Colleague: 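Dropping the structure in here first, questions after.
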Amino acid sequence: MRYKNGREALPPSLLKEIQKYIQGDLIYIPKATEERARWGEKSGARKELAQRNAEITLYYSKGWTVSELVQKYHLSSESIRKIVVKTW
């Protein structure tokens with residue numbers, strides 16, 4: 001997040017209107033909802049986790065035990081169970 005001076009970023013009429021409510025303080029203006037990326041979409045983390053979870057479910061369906069999956073993926077048994085239940 002970068003700091004921008006209101007004089008440079010806003011039209012004068014809008015700046016005057018905002019100054020009626022706040023002056024000299026920092027204010028965060030979030031992106032519009034439809035423009036916001038969901039967690040992990042830009043970095044690819046969401047896709048990687050989805051692939052990992054699909055792999056876990058596949059191994060489980062082939063007969064791997066929760067204990068074996070815990071060792072392979074370094075997750076808790078509760079996490080493995082949640083992944084399997086969610087995708088089945």
Side-chain angles (χ1 to χ4, degrees):
M1 180 171 65
R2 293 186 341 245
Y3 167 82
K4 289 188 176 184
N5 188 318
R7 286 190 182 104
E8 297 166 5
L10 303 171
S13 59
L14 181 56
L15 180 60
K16 280 189 174 212
E17 188 63 30
I18 291 172
Q19 285 173 330
K20 291 179 186 177
Y21 301 95
I22 188 167
Q23 291 187 30
D25 290 326
L26 297 177
I27 184 169
Y28 172 74
I29 301 173
K31 289 183 179 180
T33 305
E34 61 274 0
E35 293 180 22
R36 295 183 72 188
R38 292 172 42 195
W39 176 88
E41 286 182 345
K42 289 185 177 184
S43 68
R46 179 178 292 276
K47 185 177 180 180
E48 288 176 20
L49 287 178
Q51 289 172 341
R52 181 206 64 187
N53 293 351
E55 193 174 281
I56 288 170
T57 303
L58 177 65
Y59 282 126
Y60 186 79
S61 71
K62 289 184 175 186
W64 284 46
T65 65
V66 171
S67 297
E68 290 170 326
L69 294 168
V70 164
Q71 292 299 313
K72 179 170 176 58
Y73 292 97
H74 307 285
L75 296 170
S76 70
S77 57
E78 183 64 26
S79 293
I80 298 290
R81 285 187 188 93
K82 285 179 182 178
I83 291 166
V84 170
V85 167
K86 188 175 183 180
T87 55
W88 272 41

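The shown structure was predicted, so the numbers you read here are calculated from the model rather than taken from an experiment.
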Colleague: Is there a path of hydrophobic side-chain contacts, each under 4.5 Å between heavy atoms of I, L, V, M, F, W or Y residues, that connects Leu14 with Ile22?
Modeller: yes
Colleague: Gln71 side chain to Glu68 main-chain N or O, any donor-acceptor pair under 3.5 Å?
Modeller: no
Colleague: What distance do Leu10 atom CG and Leu15 atom CG have between them, rounded to the nearest 0.5 Å?
Modeller: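 Reported value, rounded in 0.5 Å steps: 6.0 Å.
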Colleague: Name all pairs fulfilling the side chain to side chain donor-acceptor pair (under 3.5 Å) condition that reach into residues 43-55, sequence neighbours left out, sorted by first residue then second.
Modeller: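 Applying side chain to side chain donor-acceptor pair (under 3.5 Å) to every pair that reaches into residues 43-55, excluding sequence neighbours, yields Glu55-Tyr73.
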Colleague: With sequence neighbours left out, what residues match Ala50 under side chain to side chain contact (heavy atoms under 4.5 Å, CB included)?
Modeller: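 Listed in chain order: nothing, the list is empty.
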Colleague: Roughly how far, to the nearest 0.5 Å, is the NZ atom of Lys4 from the CD1 atom of Ile29?
Modeller: 10.0 Å
Colleague: Looking only at non-hydrogen atoms, find the nearest pair between Gln19 and Gln23 and report the distance.
Modeller: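 The pair with the smallest heavy-atom distance is O-NE2, 3.0 Å.
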Colleague: Roughly how far, to the nearest 0.5 Å, is the CD1 atom of Ile80 from the CH2 atom of Trp64?
Modeller: 10.5 Å
Colleague: Do Ile83 and Leu75 touch side chain to side chain, with heavy atoms closer than 4.5 Å?
Modeller: yes
Colleague: Using every non-hydrogen atom in the two residues, find where Val66 and Ser77 come nearest and quote the distance to one decimal.
Modeller: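 The answer is CG1-CB, 3.7 Å.
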Colleague: Quick one: pull up CG in Leu69 and OG in Ser79 and give me the separation to the nearest 0.5 Å.
Modeller: 12.0 Å
